Amino acid sequence: QVQLVESGGGLVQAGGSLRLSCAASGRSFTFANYVLAWFRQAPGKEREFVGKIDQSGKNTNYATSVEGRFTISRDYAKKTVFLQMNRLRPEDTAVYYCAARVFQPFGSGGYTPREYAFWGQGTKVTVSS
């Protein structure tokens with residue numbers, strides 16, 4: 001079992017920055033074996049992909065809407081994944097969720113929520129105009 005705990009959400013003005021963290025833990029949990037992703041869900045909308053980082057930490061992918069503004073990184077010693085969000089916009093307002101799945105060499109793309117087995121409780125981000 002894997003536990004994920006997000007932190008760092010809050011209220012920020014448009015154009016500002018926030019850094020979200022997601023600490024991972026679990027019995028017999030090997031951080032380096034997991035692909036980690038961030039999703040978000042705005043009120044009344046479906047949960048959507050924000051970005052992901054592979055098990056090596058060398059490859060990242062982002063949604064078009066955040067490309068160039070958001071950056072995902074991971075710290076193996078701290079077993080933590082980060083989402084640095086810059087130039088925030090009101091449309092970035094949502095609850096942000098961290099998700100994890102075991103790396104599979106020929107697995108699916110990892111862009112949909114159903115592909116992830118483990119989830120955090122979410123952290124709310126509100127961007128005011």
Side-chain angles (χ1 to χ4, degrees):
Q1 194 71 5
V2 177
Q3 289 81 46
L4 302 171
V5 180
E6 302 99 331
S7 60
L11 174 65
V12 64
Q13 288 189 332
S17 298
L18 277 177
R19 189 193 196 201
L20 305 184
S21 300
C22 173
S25 63
R27 189 171 183 176
S28 302
F29 168 66
T30 303
F31 186 72
N33 290 346
Y34 284 77
V35 175
L36 299 165
W38 288 94
F39 288 78
R40 66 186 182 185
Q41 189 166 17
K45 296 188 177 181
E46 292 187 351
R47 194 167 297 189
E48 65 174 3
F49 173 79
V50 173
K52 65 184 178 79
I53 186 166
D54 73 357
Q55 72 290 350
S56 74
K58 295 178 181 179
N59 300 296
T60 54
N61 299 94
Y62 299 95
T64 303
S65 59
V66 307
E67 183 87 49
R69 299 188 298 123
F70 291 11
T71 303
I72 296 176
S73 59
R74 61 192 294 169
D75 184 320
Y76 291 86
K78 297 181 179 179
K79 297 183 180 180
T80 300
V81 61
F82 303 98
L83 179 65
Q84 177 66 45
M85 304 186 295
N86 297 328
R87 304 199 309 275
L88 283 161
R89 304 168 180 169
E91 53 264 40
D92 294 319
T93 294
V95 176
Y96 283 71
Y97 296 91
C98 174
R101 68 171 191 171
V102 175
F103 166 70
Q104 297 175 322
F106 301 102
S108 55
Y111 298 100
T112 63
R114 66 174 64 183
E115 297 172 86
Y116 292 83
F118 305 104
W119 291 85
Q121 81 289 349
T123 185
K124 187 174 182 180
V125 172
T126 303
V127 184
S128 63
S129 57

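We use all heavy atoms of the structure for the numbers below, so side chains are in, but hydrogens, waters and symmetry mates are not. This is a predicted model, so every value here is computed, not measured. Throughout, residue positions are numbered sequentially from 1 according to the sequence presented.
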(message) Strictly distance-based, threshold 3.5 Å: is any side-chain N or O of Gln121 a donor or acceptor partner for the main-chain N or O of Glu6?
(response) yes
(message) Using 0.5 Å steps for rounding, measure from the CD atom of Gln84 to the CZ atom of Phe70.
(response) 9.5 Å
(request) Nearest 0.5 Å please: distance from the CD atom of Glu115 over to the CD atom of Gln104. (result) 9.5 Å
(request) Measure from the side-chain N and O atoms of Arg74 to the backbone N and O of Asp54, and report whether any donor-acceptor pair falls under 3.5 Å. (result) yes
(message) If hydrophobic residues (ILVMFWY) are linked whenever their side-chain heavy atoms come closer than 4.5 Å, directly or via other members, who joins Trp119 in its cluster?
(response) Val35, Phe39, Phe49, Val95, Tyr97, Phe103, Tyr111, Tyr116
(request) Kindly compute the distance separating OG1 (Thr80) from CZ (Phe31), expressed to the nearest 0.5 Å. (result) 6.5 Å
(request) Using atom types as modelled and distance alone, determine if a side-chain donor or acceptor of Thr60 lies under 3.5 Å from a backbone N or O of Ile53. (result) no
(request) Give the minimum heavy-atom separation between Ser129 and Pro90, together with the two atoms involved. (result) CB-CG, 3.8 Å
(request) Treat each ILVMFWY residue as a node, draw an edge where side-chain heavy atoms are under 4.5 Å apart, and state whether Phe82 and Tyr96 are in one component. (result) no
(message) Could you work out, with side chain to side chain contact (heavy atoms under 4.5 Å, CB included) as the rule, every residue matching Arg87, not counting sequence neighbours?
(response) Arg69
(message) Any heavy-atom pair between the side chains of Lys79 and Ser25 that's under 4.5 Å?
(response) no
(request) Enter the distance from Thr93:OG1 to Leu11:CG here, rounded to the nearest 0.5 Å. (result) 8.5 Å
(message) Looking at Glu46, I want to see if its CD is surrounded by more than 12 non-hydrogen atoms of other residues, nucleotides or ligands under 6.0 Å.
(response) no
(request) Search all heavy atoms of Val2 against all heavy atoms of Tyr34 and return the closest pair with its distance. (result) CG2-OH, 3.6 Å
(message) Measuring only between side-chain heavy atoms, which start at C-beta, is Val81 closer than 4.5 Å to Cys98?
(response) yes
(message) With heavy-atom distances below 4.5 Å as the criterion, would you say the side chains of Gln41 and Pro113 are in contact?
(response) no
(message) Would you say that Val66 contacts Met85 through its side chain, given a criterion of any heavy-atom pair below 4.5 Å between the two side chains?
(response) no
(message) Grouping I, L, V, M, F, W and Y whenever their side-chain heavy atoms are under 4.5 Å apart, do Leu4 and Tyr76 come out in a common cluster?
(response) yes
(request) For Ser17 and Asn86, work out which heavy atoms get closest and say how close. (result) OG-OD1, 2.9 Å
(request) Mind checking the CZ-CZ spacing from Phe118 to Phe29? Nearest 0.5 Å is all I need. (result) 8.5 Å
